Number of protein chains: 2
Amino acid sequence: MPDSDGTTAPANEPTLDEQIAAYQREFADLDPQVEQIVSALGRLNRRMNVAYGRQTATLGISNAEWEVLKALVLAGQPYRMGPGDLAKQLGLTPAAMTHRIDRMVAEELVTRDRDEANRVRVIVGLTDTGRQKWLDAMELATDFEEDLLQDLSTKERGILGELLTRLLVRVES
Amino acid sequence: MPDSDGTTAPANEPTLDEQIAAYQREFADLDPQVEQIVSALGRLNRRMNVAYGRQTATLGISNAEWEVLKALVLAGQPYRMGPGDLAKQLGLTPAAMTHRIDRMVAEELVTRDRDEANRVRVIVGLTDTGRQKWLDAMELATDFEEDLLQDLSTKERGILGELLTRLLVRVES
DNA sequence: GCTGAAGACTTCAAAGCTAAACTTAGGAGC
DNA sequence: GCTCCTAAGTTTAGCTTTGAAGTCTTCAGC
């Protein structure tokens with residue numbers, strides 16, 4: 001017997017359109033066009049992170065660990081970075097980085113060594129296992145991403161990329 | 001004396017272009033157009049969350065609490081939902097929801113009552129304080145969002161919104 | 001109207017994060 | 001060549017989230 005009086009809301013998440021309509025009712029000054037973009041960005045990102053999480057889980061790592069592997073690969077050969085730089089790039093505190101590296105060293109995804117040239121510094125390096133995990137994750141991720149974008153033509157993808165990049169420039173400057 | 005040997009990477013985060021170039025070097029099968037979209041989405045979202053966090057902090061609440069207020073307002077009058085539905089919408093476990101509501105009740109942003117019609121259920125309701133906080137946060141957020149989009153014409157905003165919505169449809173179906 | 005099962009939270013223990021204090025190495029000024 | 005200062009990581013304590021177990025209501029079958 002579902003919900004005899006209407007007091008309890010349905011469990012279903014509102015659609016994007018419903019969400020924007022509700023915001024407009026509750027907040028008169030809202031620009032629906034802006035809200036559509038912002039809300040879609042937020043909702044898309046949440047779904048994507050869930051999808052990535054499912055994929056990395058099948059490889060036995062977490063999204064958090066994948067982020068570290070990404071940063072190290074991005075640094076290029078010889079795949080080394082300091083914990084501080086890693087923390088900055090991932091938006092973590094140095095303390096969190098220390099703990100995360102602890103775990104990843106235990107799982108042999110990365111190595112941690114003291115920099116002999118400057119013994120205050122530490123160097124985090126990618127292991128072969130770590131690099132392979134990144135490659136495997138990348139394989140899964142690109143499949144998913146191609147799937148996500150399958151309804152957009154090449155031209156539309158170009159436009160979308162260009163528009164997003166312009167937003168990013170504004171917010172990263 | 002900065003960095004006599006080149007072993008330590010610069011602290012600066014790579015730009016989007018550098019990031020894509022690096023991925024292409026390391027992963028041959030990469031479609032740079034897809035990667036541009038996906039990476040821009042991720043980076044945009046991170047920046048936006050940081051910005052929102054700064055704003056909600058000025059109001060004395062956290063982004064997490066703001067999410068709850070949003071969901072309740074979205075539900076419409078009389079601004080009530082069960083913890084389970086809230087948890088589903090925010091992508092949290094019921095346990096996390098219980099704790100989050102504890103805190104928000106203590107801060108008088110929401111109320112928690114047992115549903116007399118069905119005593120298994122609990123009803124979380126928005127207080128006037130909570131509703132006002134949401135309005136204040138919305139004011140700040142829309143300012144920021146208008147700022148974020150200022151370089152895009154109305155037409156471009158329409159195109160961006162439409163493309164993002166199409167992606168969302170695919171991933172939310 | 002009892003009994004068993006399902007549903008909706010809550011409680012508890014453990015993982016991961018943050019902020020702040022602490023440790024240690026390198027460099028500047030006297 | 002000491003002393004002070006700064007920079008890079010680590011440690012510690014406390015908070016938020018998760019997963020699993022527990023509690024309490026409701027409902028279905030007998």
Side-chain angles (χ1 to χ4, degrees), chain A residues 1-5 7-11 46 49-50 53-54 56-57 60-68 80-107 109-125, chain B residues 1-5 7-11 46 49-50 53-54 56-57 61-68 80-107 110-125:
Chain A
M1 184 193 65
D3 205 35
S4 57
D5 57 353
T7 53
T8 52
R46 204 181 105 198
N49 285 334
V50 171
R54 270 200 276 268
T56 50
I61 62 176
S62 67
N63 267 357
E65 291 170 331
W66 185 36
E67 295 287 332
V68 177
R80 293 156 157 274
M81 288 180 74
D85 292 345
L86 276 170
K88 259 176 232 153
Q89 244 182 71
L90 305 191
L92 293 178
T93 60
M97 207 62 238
T98 295
H99 297 317
R100 202 181 277 191
I101 293 168
D102 286 346
R103 280 171 263 147
M104 294 182 73
V105 168
E107 297 166 33
L109 297 170
V110 301
T111 55
R112 166 159 42 193
D113 295 294
R114 214 152 257 292
D115 184 347
E116 289 305 327
N118 179 345
R119 299 186 48 72
V120 178
R121 288 206 162 81
V122 167
I123 300 179
V124 178
Chain B
M1 185 194 63
D3 204 36
S4 57
D5 59 352
T7 52
T8 52
R46 203 180 107 200
N49 285 334
V50 170
R54 269 200 275 268
T56 50
I61 62 177
S62 67
N63 267 357
E65 292 170 331
W66 187 35
E67 296 288 332
V68 177
R80 292 156 159 277
M81 289 180 74
D85 292 345
L86 275 170
K88 258 176 234 150
Q89 245 183 69
L90 305 189
L92 293 179
T93 61
M97 207 63 239
T98 295
H99 297 317
R100 200 181 277 192
I101 293 168
D102 285 347
R103 282 170 262 144
M104 293 182 74
V105 168
E107 296 166 33
V110 301
T111 55
R112 166 160 41 193
D113 295 294
R114 212 153 258 292
D115 184 346
E116 288 306 326
N118 180 343
R119 299 187 47 74
V120 178
R121 288 207 162 82
V122 168
I123 300 179
V124 179

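Nothing here was measured: the structure is a model prediction, and the numbers come from that model. Order of the sequence lines sets the chain letters (A, B, ...), proteins ahead of strands, with each chain counted from 1. Side chains are part of it too, since the values below use all heavy atoms of this structure and drop only hydrogens, waters and symmetry mates.
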Short side-chain to backbone donor-acceptor contact, A:Arg100 and A:Ala64, under 3.5 Å: yes
Does the side chain to side chain contact (heavy atoms under 4.5 Å, CB included) test come out yes or no for B:Glu65 and B:Thr56, once each step is laid out? CA-CA 9 Å; B:Glu65 292 170 331; B:Thr56 50; over 6 Å; no
Minimum-distance nucleotide (side-chain atoms of A:Val120 versus C:dT18, D:dA8, C:dG7): D:dA8
Rounded to whole Å, the CD-P distance (B:Glu65 to D:dC15) equals 14 Å
Given that B:Ala96 and A:Ala96 both sit by DNA chain C, which one's nearest nucleotide is further toward the 5' end? B:Ala96
Return the value, rounded to whole Å, for the distance between atom CD1 of A:Ile123 and atom P of D:dA8. 14 Å
Sugar-phosphate, base or nothing in reach of A:Pro83, heavy atoms under 4.0 Å: sugar-phosphate
So, is A:Arg100 close to the C:dC17 phosphate, meaning a side-chain N or O under 4.0 Å from OP1 or OP2? yes
Taking any heavy-atom pair under 4.0 Å as a contact, classify B:Arg112: base, sugar-phosphate, or nothing. sugar-phosphate
Between P on C:dT18 and CG on B:Asn63, what's the gap in Å once rounded to a whole number? 14 Å
If you pin A:Arg119 and A:His99 to their nearest nucleotides in DNA chain C, which one's is more 5'? A:His99
On a heavy-atom basis, the closest approach of A:Leu109 and A:Ile61 is CD1-CG2, 4.1 Å
Run the numbers on B:Arg80 and B:Thr111 for side chain to side chain contact (heavy atoms under 4.5 Å, CB included), then give the verdict. CA-CA 9 Å; B:Arg80 292 156 159 277; B:Thr111 55; over 6 Å; no
Less than 4.0 angstrom between a side-chain N/O of A:Arg103 and OP1 or OP2 of C:dG16, yes or no? yes
Of the listed C:dT11, D:dG9, C:dT18, the closest approach to the A:Leu92 side chain comes from C:dT18
Whole angstrom value for the distance that separates P of D:dG9 from CG of A:Asp85: 7 Å
